[in-house]
Amino acid sequence: MITQPDFEAELRHLSIDPAPLGPLVVDLADADHFVVAGPGTGKTTALALRALKLILVDEVDPASILATTFTRRAAAEVRSRILQRADQIRQSLLAKGSLALKGRLSRIDFNRIRTGTLDSLSQEILTDYRPLGSYPPVVIDQYLGDALMLRAGLFDHGRFRRQELVDYAVRVLGTSRGLSPKKLSAFVREIHERALYDRTDLNAFAGAGIHAGIPIAVDAIEAYRAYLAASGQVDFALLEQRFLDDLRSGRLKKLQEEVQVVLVDEYQDTNFLQELIYFELAKGAKAKGGGITVVGDDDQALYRFRGATTSLFSAYPGRVHDAVGIQPQQVNLVENRRSTDDIVTWTNDFVRLDGEYHGVRVPNKPALIRRRQAAGRFPVLGMFRPTMQELAEDLTQLIDSVVNGSGFPIPRSKLVLQRSPQGGSAADVVMLSSSPLEEGESGPLLPLELRRRLGGLPHPIKVYNPRGRDIASVPEVGQLLGLILACVDPTQNGPNLIPNLPREALNVFTVWRQEAHHFQASNPAPQAPLPIAQFVAAWAARTPIRPRSRGRAPATWPRDAPLLQLVYNLLTWFPYFQSDLEGLAYLEAMNRTITTASNLGKFDACILGGPSVPPQVADKALVELYWNVFVPLALDFIEVDEDLLETLPRDRLGIYSIHQAKGLEFPLVIVDVGSSFKQRHWAHAFKRFPRDEGPSSRIEDQLRRFSPLGVPARQGRDRCFDDLIRQYFVAYSRPQDVLLLVGLDALRAPQNSVEHVALGWDRTGTWHWRGLGNLTMV
DNA sequence: TGCTTACCACTTTTT
DNA sequence: GTGGTAAGCA
C-alpha cells in the first residue's frame, strides 16, 4: 500500500517521533514483542500505531488483528486512537496520493479491527462462531452472580447456615462483623473465580483438610456452576474458561485461522487463565505467519484481587517461549511525555524507596526519562490539616481560586497555580483516592465534604463521582422510584405480600415515598399536557387519562404495562436524568436493573392491571417487581457503570478511584493519601501500612497450593506492600502539570506519625521522607 | 512504667 | 458491639 519511509513520514507529519517506538512500527507481522512501558510513555499509541503500520505498509487485513485491553474504557480508547490516527493518515494520503492508492485506501475498513476487553471479545466470538442451532452464552454480572450463588449454591441444602462454612469465612476475612448471606455468597464466589483463574484443582483443595468449611464451600460452588450450566449462563470467569476450552478443542478453528496479529495492552493484569487464552491465540497467529505483541508495566499492576499475577508479565519472555516457542523482542518505552520534571522525578524516587520492592520488578527496568516539552515548574504540593472538614474547606478555596478566580499563589515562591487560559475548566482537576465513596459508616468522607462545599460556592463547581454514592441515596433517584412506587403500588400493599422482606429495604422505600411526595407537592414543570399529580393519580386508580375529544369511548387500562415505559413517562418531570451526566449513569443503572428483571421473572417486568387480570396474579407480578427491581436498588446491589461515557464530562471536577484513573491523565491531580487517618489504627492499616496478608492473599495462598502456578514466591504481607506501592505509583504518575497530596496532620507529625507507604515509608518501618520536607506545603 | 479514660474505626479496587 | 490506640496522670 505505502512504503515504510512514507509511513514514517506520515507519523512525523502528525508530530509523532517513530524512533522511540523502534521495532513496533518497523517489524513485519510475524514479529513478537514484549513491551515494557512506564506511565506516560504512550503505550496505547504504540499499540495503535503498530496496528496501523501493519495495515498500511504490510497490507494486513484489519479483521485479522485482535487487540485487547483490561477495562472497557481503555478498550474504547484503543479503538478511538486507531480510528483517529487512521483517519488522519488517510486524509493526508488522499490529499497527495495517486488514484490507485486512493482506491485501495478507501476500501480499507479500519472498523473491522477487533478491539475490546478479553471478556467482551470472548462473548462476541463465542456468539458469532457458535455451532448452528446452539445458543450464545448469557453473561451475568457480579450482582446476578452473587445472587445466584446465594440461591443455587448456599440456600441449597442450607449451606449458608453451616457453622463450619461461616467459621471458615470468618477466618479468611478476619472479621465476623456483618457476615450476611450476601457477603458469604460473595466470599464463596471469590473462591470460585480465583479457582478458575488460577486453574486450581478444587477437589484437591476440598480434600486437603485445611478447614472443615472448605468442602462445604466447594459443594456450593459446584451447585452454582451446575445451575449456570443448566441455564446456559456464564459469569466472567466461566466465560473465559469456556473461551479457552473452545480454542483448545478446535471449536474456534475458524477464528484461529482468521487472527494473524494479537495485540495485548495492560498485560501486567493478566491472570493465568487469560495467559493460556493468549498463548492459544498466539499459536494460531504464528501458524498464519503473524505474531503477538504484549504491552505492560508491572509497576502499574492493580488487580491481584481479580486473579492478576504480575509474575506472568515479568516472566513473559520465558513463559511464551516455553508455551508457544517464540522469542519476543523486548522493547522498553521510557520517554515520559506526560508530566513535568518534578513529577517524573517524584514518581521515579517513590517507586525506588522500598528495597524489597525491587525484587518483583521486571529485571533491569530503566527509569523514566523526562521528555515533556515546555513543561512548567511546579513542585509537588502538600496540603495537610488537623481535620477532614478543615481540609475540605481549604481545598475548596484552592480549587475555587484556580477554577473561578485568578489563581492560587504558592507560598514562598512566585508561582501561581491557575487554570489554563486556553479553555481550562474544572475537568482539568481530579481527586484520586483508593475509594471514591462519599459516605463511610461513620459519616461523610472527603468527596462528600468537597461536593457540598464546591456546590455552595458563589460560582458553584459540580463534581463528577457516579460511583461514590449508593444509587438509593441519590435524591433524584429516590424521587423517581418513590413516584414509581406510588404508581404501581398505591396502597403500599406490596411489602405485606413479601414475608421476609429485609427491613433495610422497607426503610428505603419509606424514604423514597416521602421524597416523591415532596417532589410532587412542589408541582414541578411541565404542567402540560398534565401535571405530575394527575399522572400519578391516574396510575393509582388504574384509570386512563380521558381523551379530550368527545364521543370516543374511554380507553381501558392496559392489561400489562411495562415498568420501563412508566419510567420513561415519568422522566418528563426529570430533566436531571436526561441532561445531567451523573443522572444518565443512574438512569442506565435503573434501566439495566429493569431489563435484567424482565429476563429473570415470569411477568416481563410489567405491572398487571385492568379488569381482565385477577388480583392474585397482579399481586404476583408486583411481588416480582419488588424482588427483582426495588429491593436490589434499595439495598445497593446495583452498580453504576460510568464507562458508558467515552469521554469524561467537561466543567466537572472528577472524583475517581485510582483504579478508574489508570491510563488517564489530567493537568492537576489531587491525591487523597489519608483524609480519614487520625491515628495509627489497625482498622485501616491495610490501606497504608499492612500488618498482615489480608483476605485476598490468604485465599491466593490456600488455592495456589493446588494450582499449576504453585504457591506465590512472596509472603502475603509483602504482596500487600507491593500492591500499595503500585497503587500510589499509578496515582502519582497521572498529573501532567501539578500533583497535590492531601491528608490529615497525623500523617506528617515528625514523631509517632501514622505510617503510610504513599508518604515514603518502606515496609521495614523506615520513613525516608520524615516530616515530608520534600513537599511544598500549602 | 502502669493505669485510666476518651477516642477511633471497622477491608478497597472491576471484567 | 469490639478491640485497638493515645494521652493524661500518678
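Because the structure is predicted, anything quoted here is derived from the model rather than measured. Naming: A, B, ... by sequence-line order, numbering from 1 per chain.
Tested against A:His756, the residues A:Tyr728, A:Phe689, A:Trp761, A:Phe721 include a single ring pair (Phe, Tyr, Trp, His ring centres under 6.0 Å) partner, A:Tyr728. With A:Arg361 as the partner, the side-chain hydrogen bond (donor to acceptor under 3.5 Å, both in side chains) test is satisfied by one option alone out of A:Thr310, A:Asp299, A:Asp297, A:Asp722: A:Asp299.
For A:Ser657, the side-chain atoms get nearest to B:dT14 when compared with the rest of B:dT14, B:dT12, C:dT5. Listed nucleotides B:dA9, B:dT13, B:dT11 differ in distance to A:His684; the shortest reach to its side chain belongs to B:dA9.
At whole-Å resolution of the value, CD in A:Glu193 and P in B:dT13 are 16 Å apart. In this structure, CZ of A:Phe689 is placed 13 Å from P of C:dT5, rounded to the nearest angstrom. Distance CG (A:Asp672) to P (B:dT12): 16 Å, rounded to an integer number of Å. Atom P of nucleotide B:dT14 and atom CG of A:Asp146 are separated by 15 Å, given to the nearest angstrom. The distance between atom CG of A:Leu445 and atom P of B:dA9, rounded to the nearest whole Å, is 10 Å. At whole-Å resolution of the value, CG in A:Leu244 and P in B:dT15 are 22 Å apart.
Within a heavy-atom distance below 4.0 Å of DNA chain C, no residue of residues 264-273 of chain A is found.
Distance noted for atom P between C:dG4 and B:dT11: 16 Å (whole Å).
Using a 4.0 Å heavy-atom distance criterion, A:Gln727 is classed as making no nucleic acid contact. Across all strands shown, A:Arg691 has heavy atoms under 4.0 Å from sugar-phosphate atoms exclusively, and none from any base. Backbone-only engagement by A:Ser676 is indicated by non-hydrogen atom pairs under 4.0 Å involving sugar-phosphate atoms exclusively. A:Pro690 comes within 4.0 angstrom of no nucleic acid atom, judged by non-hydrogen atoms across all strands.
Partners of A:Tyr168 according to the ring-ring contact (aromatic ring centres under 6.0 Å, His included) rule, which considers only residues two or more places apart in sequence or in another chain, are A:Phe187, A:His211. Looking at residues two or more places apart in sequence or on another chain, you find a ring-ring contact (aromatic ring centres under 6.0 Å, His included) between A:Phe70 and A:Tyr303. The salt bridge (charged side-chain N to carboxylate O under 4.0 Å, His left out) check on A:Lys43 picks up A:Glu266, with sequence neighbours excluded. Remark: A:Asp265 engages no residue in a salt bridge (charged side-chain N to carboxylate O under 4.0 Å, His left out) (not counting sequence neighbours).
Between A:Tyr267 and A:Phe313, the ring-plane angle classifies as tilted under the 30° and 60° cut-offs.
Put simply, A:Lys687 has a side-chain N or O that comes within less than 4.0 Å of OP1 or OP2 on B:dC10.
Side chain A:His681 to base C:dG3: a donor-acceptor pair is found below 3.5 Å. Within 3.5 Å, no donor on the side chain of A:Arg680 pairs with an acceptor on the base of C:dT5, nor the reverse.
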Show the distances under 3.5 angstrom between N or O atoms of the protein and N or O atoms of nucleotides 3-7 of chain B.
none

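Residues A:Pro39 and A:Tyr732 have side chains not in contact (no heavy-atom distance under 4.5 Å, counting atoms from C-beta outward). Counting heavy atoms from C-beta outward, A:Arg248 and A:Leu276 have side chains that approach closer than 4.5 Å.
A:Phe305 qualifies as a stacking partner of the B:dT13 base, centre to centre under 5.5 Å and near-parallel within 30°.
Taking CG of A:Leu724 as the start and NZ of A:Lys687 as the end, the distance is 11.0 Å to the nearest 0.5 Å.
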